[in-house]
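Side chains included, hydrogens not; waters and symmetry mates left out as well; all remaining heavy atoms used. All residue numbers in this chain count up from 1 along the given sequence.
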Amino acid sequence: MRKSYYVFISMCIVFILIFTNVFGIKGDFYVLFRNIPKKAVLKNIEDYKEIETDHFIIRHNTEDVETLELVKRASEEYYDEICKQYDYYPKDKTIVVLYENSEELLENANLAKSKPPMGVYYASTIQILSPKIWCPEGEDIESLFMNEGPMVHEFTHLVIDDITKGNYPLWFTEGLALYSEYIYTEYEWGKEIEEEKIYTIDELNNNFSNLDQYVAYTQSFRVVKYMVETYGFESIKEILEKLEDGYTFERAFGMVTNDKISKLNI
């Protein structure tokens, strides 16, 4: 009886895999299951207060009015530009979680890093540290947060995630997020990195998480910048549409540009 049960379960799993691949609804399952960790994130901050802007809901546990106003302004600053660039506007307001404790961010964003990031996109939410935690003493917090802070970067991640329904290589979404920073805030990641330290496109595609992250992010940005300059941003959007349809990045790139992915070894 037990063996028959496991055979039945196995057949169901195989059927689901075949069905999702044949009919191209893999992305819809991703969108459905993405809500599970999102609910966990919101459960962990259920005692947080809430303020809203036109397009964002900011959850926080601070009395620092100055920081809250800065986060509100940074959230909205480039919203229209980014949405227009990608021809995509989120259906719901985006949740931003502001932390004054780095350990709480690491735990709620499911990160195992010893050094917390300024911000992270996770489970359809943007989670950020108060700039007063990471801004060097003596620096202009407002200028630094607006020009080098996490909002443009992380919101671009959300847009890419929504458009493609989670079907993208990590280097591509990081490169696009860094490209957004470059064109909107004029911040250029890794401009001091020497050429001989750069990774190949195969290394980015197949081993991104195990590479030197600063160098890998630099090459990701440079590849995206090269793609825009060579093929135009409309091609980027067409590639994202192919990814939404379930194609691999290599296949999507070839379909849109008629070039092999090795062309990106710049």
Side-chain angles (χ1 to χ4, degrees), residues 26-65 67-79 82-83 86 88-135 145 149-170 172-174 176-178 180-181 208-209 213 217 244:
K26 180 179 179 181
D28 294 319
F29 275 103
Y30 170 79
V31 173
L32 176 65
F33 288 110
R34 186 177 60 179
N35 287 326
I36 296 174
K38 182 179 181 180
K39 288 180 180 179
V41 167
L42 297 180
K43 175 68 175 176
N44 291 337
I45 57 168
E46 60 184 357
D47 60 333
Y48 273 33
K49 296 181 283 292
E50 183 177 290
I51 57 175
E52 294 193 30
T53 67
D54 288 343
H55 303 105
F56 295 85
I57 297 172
I58 300 169
R59 305 291 302 275
H60 68 94
N61 194 24
T62 182
E63 301 300 327
D64 187 346
V65 176
T67 297
L68 284 174
E69 288 301 316
L70 184 58
V71 172
K72 286 168 62 178
R73 185 153 63 89
S75 298
E76 292 287 350
E77 184 77 4
Y78 297 106
Y79 176 88
I82 294 172
C83 291
Y86 286 95
Y88 177 81
Y89 292 80
K91 294 178 182 179
D92 302 314
K93 289 189 176 184
T94 297
I95 295 175
V96 177
V97 186
L98 173 66
Y99 298 97
E100 292 188 304
N101 183 307
S102 59
E103 293 301 319
E104 193 171 3
L105 180 148
L106 290 173
E107 181 178 352
N108 213 21
N110 198 30
L111 293 174
K113 297 182 178 181
S114 57
K115 183 179 180 181
M118 292 186 296
V120 62
Y121 169 71
Y122 174 69
S124 295
T125 65
I126 295 173
Q127 306 193 44
I128 63 173
L129 274 181
S130 168
K132 292 188 176 179
I133 294 178
W134 53 262
C135 183
F145 188 73
M151 291 309 304
V152 168
H153 188 102
E154 306 307 336
F155 182 65
T156 302
H157 280 321
L158 181 143
V159 169
I160 301 304
D161 195 37
D162 279 2
I163 292 173
T164 64
K165 298 178 181 177
N167 183 35
Y168 52 79
L170 285 176
F172 191 45
T173 185
E174 294 299 349
L176 288 169
L178 292 171
S180 287
E181 293 186 61
F208 183 83
S209 297
Q213 290 297 279
Y217 274 55
E244 180 186 7

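- For the pair Leu176/Tyr86, a side-chain contact is recorded, criterion being any heavy-atom separation below 4.5 Å from C-beta on.
- Minimum heavy-atom separation, Leu129 to Pro117: CD1-O, 3.5 Å.
- Taking OG1 from Thr125 and NZ from Lys38, the interatomic distance works out to 7.5 Å, rounded to the nearest 0.5 Å.
- Between the Glu76 side chain and the Val71 main chain, no donor and acceptor come within less than 3.5 Å of each other.
- A 4.5 Å side-chain heavy-atom check between Glu107 and Glu104 finds every atom pair outside the cut-off.
- At a threshold of 4.5 Å between non-hydrogen side-chain atoms, the residues Glu52 and Ile57 count as touching.
- Distance check, rounded to the nearest 0.5 Å: CD1 of Ile160 to CG of Asn167 gives 12.0 Å.
- With Lys93 contributing its side chain and Thr53 its backbone, the two residues share a donor-acceptor pair below 3.5 Å.
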Start with the C-alpha distance between Asn110 and Val41, add both sets of side-chain angles, then the distance that settles side-chain contact (heavy atoms from CB on, under 4.5 Å), and finish with yes or no. CA-CA 9 Å; Asn110 198 30; Val41 167; over 6 Å; no
Stepwise side-chain hydrogen bond (donor to acceptor under 3.5 Å, both in side chains) test for Tyr122 and Gln127: CA-CA 7 Å; Tyr122 174 69; Gln127 306 193 44; over 6 Å; no
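- Glu100 places no side-chain N or O within 3.5 Å of a backbone atom of Ser130 that could act as its donor or acceptor partner.
- One distance of note links CE of Met151 with CD1 of Ile82; it measures 9.0 Å at 0.5 Å rounding.
- At least one side-chain heavy atom of Lys49 sits less than 4.5 Å from a side-chain heavy atom of Asn61.
- Atom CE of Met118 is separated from atom CD1 of Ile128 by 10.0 Å, given to the nearest 0.5 angstrom.
- Considering all non-hydrogen atoms of both residues, Glu181 and Val152 come closest at N-CG1, 3.8 Å.
- With a 4.5 Å cut-off on side-chain heavy atoms, Pro90 and Cys83 count as touching.
- Across Ile45 and Val97, no two heavy atoms sit closer than the pair CD1-CG2, 3.6 Å.
- Side-chain contact between Phe155 and Pro150: absent, with no pair of heavy atoms (C-beta onward) separated by less than 4.5 Å.
- For Glu63, the CD atom sits in a loose shell: 12 or fewer heavy atoms of surrounding residues, nucleotides or ligands are nearer than 6.0 Å.
- For the atom pair Leu70 CG and Asp64 CG, the distance stands at 9.5 Å (nearest 0.5 Å).
- Contact annotation: the side chain of Leu68 approaches that of Leu98 to within less than 4.5 Å [non-hydrogen atoms, C-beta and beyond].
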May I have the step-by-step check of side-chain hydrogen bond (donor to acceptor under 3.5 Å, both in side chains) for Tyr79 and Asp54, ending in yes or no? CA-CA 10 Å; Tyr79 176 88; Asp54 288 343; over 6 Å; no
For Leu178 and His153, run side-chain contact (heavy atoms from CB on, under 4.5 Å): C-alpha distance rounded to whole Å, both residues' side-chain angles, the deciding distance at 0.1 Å, then the answer. CA-CA 6 Å; Leu178 292 171; His153 188 102; 3.7 Å; yes
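- With values rounded to the nearest 0.5 angstrom, Leu106 atom CG is found 12.0 Å from Lys115 atom NZ.
- When all heavy atoms of Asn108 and Ala40 are compared, the pair lying nearest together is OD1-O, 4.3 Å.
- Classification of the Tyr99-Tyr48 ring pair by plane angle, with boundaries at 30° and 60°, yields perpendicular.
- Under the 4.5 Å side-chain criterion, counting only non-hydrogen atoms from C-beta, Arg59 is in contact with Leu42.
- What you find for Glu154 and Ile126 is that their closest heavy atoms are CB-CG2, 3.7 Å.
- Judged as a ring-ring contact (aromatic ring centres under 6.0 Å, His included), and not counting sequence neighbours, Tyr121 has no contacts.
- Taking both residues in full, the closest heavy atoms of Ser124 and Arg34 are given as OG-NE, 2.9 Å, listed atom of the first, atom of the second, then distance.
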